[in-house]
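On a predicted model such as this, the values are computed, not experimentally measured, just so you know. Chain identifiers are assigned alphabetically (A, B, ...) following the order of the sequence lines, protein sequences preceding nucleic acid strands; residue numbering begins at 1 within each chain.
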2 protein chains.
Amino acid sequence: MKRKRTSKRKTTVTIHDVARAAGTSPSTVSRVLTGSANVSAAKREAVLEAIQAVGYAPNLLARGLKTQLTYSLGLILNDIQSPFFSAAAKGAQDCAMQRGYAILLCDTGEEPAAQKRCLEMLRAKQVDGVIFAPTTGAAMILDSFLQAGTHFVQIDRQVEGLPISSVVVNDDQASYEAVHHLIANGYRRIAILTSELSVTTHDRRLGGFKRALSEAGLALPDSFVLRGRTSSSDGYRLAHKALSYSRRPDALFVTSSRLGVGALRAIRDARLRVRDDIGIVIFDDIPAFALMHPSITAVRQPAYEIGWKAAEIIIESLESEEPPPPQQVVLPAELVIRESSVPRR
Amino acid sequence: MKRKRTSKRKTTVTIHDVARAAGTSPSTVSRVLTGSANVSAAKREAVLEAIQAVGYAPNLLARGLKTQLTYSLGLILNDIQSPFFSAAAKGAQDCAMQRGYAILLCDTGEEPAAQKRCLEMLRAKQVDGVIFAPTTGAAMILDSFLQAGTHFVQIDRQVEGLPISSVVVNDDQASYEAVHHLIANGYRRIAILTSELSVTTHDRRLGGFKRALSEAGLALPDSFVLRGRTSSSDGYRLAHKALSYSRRPDALFVTSSRLGVGALRAIRDARLRVRDDIGIVIFDDIPAFALMHPSITAVRQPAYEIGWKAAEIIIESLESEEPPPPQQVVLPAELVIRESSVPRR
DNA sequence: ATACGTTCTGAAATCGTTTTCAAAAGCCGG
DNA sequence: CCGGCTTTTGAAAACGATTTCAGAACGTAT
């Protein structure tokens, strides 16, 4: 069933209608619209009035076709429902809106196939640039787009070795500090729950974790590095396993909030108590952590700022004469100390 | 600083290039692209090959300009960061994606001015339809757009008296059941925290609340209806006030999760304990409520389904010959019973 | 071979803008 | 009142597709 043009009844009022109403030509109307060239005060006035009178609104499709500029940005996320990404989306949206750009939202659900489809659609829609959180397999798809001259900024994760700007947090250092904080508070047998996938974020968080441990001269048994998919069910599974060890850890460092939520459930189900029986710090803060009892110490990422900054970088790069070289922005993540990591005993 | 066309280096490969490579005319290429008319097997083959060879991707701007169809939908939300709206966004996105539509995201932050700007931008971008959660002042703005023939679906709230489809939940009935549940569990002095704005959602939730009370023959002192802005700080303020009454309520019914979060903090700060000292049920479930201790009874809205259904309605209406009459879809909200409303005493 | 009805095909118009180009209009001093 | 400026202006050519229209090619019946 195809759509009938007729049934839409779109009252398309064009630049020609304005011209007629103002007693001038489309060219002149366009000139006052874009504010580009000289046009006499009288005509300008007439045109402005006519625009009001006939209720004209420019057709951005037509304009974009001519100017090759659409003033819209693609935003590709893994999961808009996660607080991190929705905050990033809001940041990007606010920045874009302020500068007159629109945001085309794509949610890949972390699937490479969907990611590919999104990129293709965005290209077809002629977006000026794309902000995106890469999923596995991004590198090869991206390559062809870069040649087409599309501007990109990656957030959260990085595909390394590509000449693309990125906005991320200091995963390594923030993790180091979080684990250091646990150690300083007397925890000694610290296990880590992390992703099985080798993505930059998790790799670096694991790196910071190890650094803190070795610096404090603490051992890290292989069994204390638990890897799984970043779902809350795998968080549960991994934590359950860790807690079943005969010499179980006295604290957990968890590298994602979804893993963390599952881990907390596992702790509760094991009849253990956060704080009294086991310490925990989770990378990526979510509102629930502040409300829980006891509240959960977490590493807060400036998600809103990440989204905003990404939009800003892309817009600046679009609007500058000579596209600036790719820049790597690293924003600080902040350890929010709450009750789940109080000094031991 | 204006953008230079030259600096983009967009290698725009058009339908003409394909035609040349295939040794035919642009018309024929277009025909195989749209699959509309008859074209010989030989030519079709040649065109398909040429498309691959030159790496052609259609320019949706140009197509949209000609066909008046952009295959994109606007999505206007009050706050993408709220779990309700981000789930709705995901639902809308998934449905749209599946049917070949893109989503233009707008976040108004509940501000009428932003809402207006969003609508204007969406119109200029020639979106085929708009899914939106109206904020105050939507009625008059909308009017002009309806005349322009844009398709609309409202979600969450309703502007009444407009010939627009909507997808909402059964606010009244679900609230009735939630309050009935409190009463059945022995609570007698139930106060309500709700919005000061007269928006349909909150009005109906208040309605269901009153209905349950009067049906049970329970009194409702004026002081037990507390109204404020739907922020967590106002939730705190209102709950604090309610708890300070000499004869304080033995349960709270809260009509939004943000108010609820504030109320929970107020309860804790008053050194009262949810469940032992005071019952609470919150309209709109968020992940935190399941994780808290004690966990919070809440009314779960099918947010994802709301978004999906809204997209579906708009796409069907767009693609049908004769636009169907506006429909009002009411999805069921579900009471999720947890610990915060266990039987009294 | 001619005429006719299909099926295929390409030239050209169109969608609503912007932008180039050249002509028109205004201003100035002589 | 006229040449030589600079502003203003409108006609027309893009932008990259789709679609109308009319002609070409082809098969078949006469």
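- Listed by first then second residue, pairs satisfying ring pair (Phe, Tyr, Trp, His ring centres under 6.0 Å) with a partner in residues 107-132 of chain A read A:Phe132-A:Phe152, not counting sequence neighbours.
- Annotation: salt bridge (charged side-chain N to carboxylate O under 4.0 Å, His left out) contacts of A:Glu312 (sequence neighbours excluded): A:Arg99, A:Lys309.
- Computed from C1' positions of five pairs at each end, the angle between the two local axes of the helix from C:dA1-D:dT30 to C:dG30-D:dC1 equals 60°, rounded to 10 degrees.
- At whole-Å resolution of the value, CG in B:Asp17 and C1' in D:dC15 are 13 Å apart.
- The separation between A:Leu65 atom CG and C:dT14 atom C1' is 12 Å, rounded to whole Å.
- Partners of B:Thr34 by side-chain hydrogen bond (donor to acceptor under 3.5 Å, both in side chains), not counting sequence neighbours, listed by chain and number: B:Ser36.
- Phosphate contact (OP1/OP2 of D:dC15, side-chain N/O of B:Thr14, threshold under 4.0 Å): absent.
- What separates NZ of A:Lys125 from C1' of D:dG16 is a distance of 15 Å, to the nearest Å.
- In this structure, the side-chain contact (heavy atoms from CB on, under 4.5 Å) partners of A:Leu65, at least two apart in sequence or on a different chain, are B:Asn59, B:Ala62, B:Leu65.
- Side-chain proximity of A:Thr12 to the nucleotides D:dA17, D:dG10, C:dG16 is greatest for C:dG16.
- If you check C:dC15, D:dT7, D:dC15 against the side chain of B:Gln68, the one that comes closest is C:dC15.
- Here D:dT8 presents its P atom at 15 Å from CD of A:Glu45, a figure rounded to the nearest Å.
- To the nearest angstrom, P of C:dT17 lies 9 Å from CG of A:Leu60.
- We find that CZ of A:Arg20 is positioned 13 Å from P of D:dA11, with the value rounded to whole Å.
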Contact list (N/O, under 3.5 angstrom) for nucleotides 18-20 of chain D vs protein:
from	atom 1	to	atom 2	distance (Å)
D:dT18	OP1	B:Arg63	NE	3.0
D:dT18	OP1	B:Arg63	NH2	3.4
D:dT18	OP2	B:Ser30	OG	2.6

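- Each of D:dT8, C:dG10, C:dG16 was ranked by its minimum atom distance to the side chain of B:Thr24; first place goes to C:dG10.
- Between the side chains of A:Thr200 and A:Gln158, no donor-acceptor pair of N or O atoms lies under 3.5 Å.
- Phosphate contact (OP1/OP2 of D:dT9, side-chain N/O of A:Ser40, threshold under 4.0 Å): present.
- Inter-residue side-chain proximity for A:Tyr71 and A:Leu60 is flagged as unmet; no heavy-atom pair is nearer than 4.5 Å.
- Following rounding to the nearest Å, A:Asn38 (CG) and D:dG10 (P) show an atom-to-atom distance of 14 Å.
- Of the two residues near DNA chain C, B:Ala62 and B:Ala41, the one whose nearest nucleotide lies more 5' is B:Ala41.
- Candidate nucleotides C:dG10, C:dG16, C:dT7 were compared by shortest atom distance to the side chain of B:Lys43, and C:dG10 ranks first.
- In this structure, CG of A:Leu69 is placed 16 Å from C1' of D:dA14, rounded to the nearest angstrom.
- Residues that satisfy the salt bridge (charged side-chain N to carboxylate O under 4.0 Å, His left out) test with A:Lys90, not counting sequence neighbours, are B:Asp79, B:Asp107.
- For the pair B:Leu104/B:Lys125, a side-chain contact is recorded, criterion being any heavy-atom separation below 4.5 Å from C-beta on.
- Under the salt bridge (charged side-chain N to carboxylate O under 4.0 Å, His left out) criterion, A:Glu110 pairs with A:Arg157, not counting sequence neighbours.
- A:Ala114 is linked by a side-chain contact (heavy atoms from CB on, under 4.5 Å) to A:Thr108, A:Glu111, counting only residues two or more places apart in sequence or in another chain.
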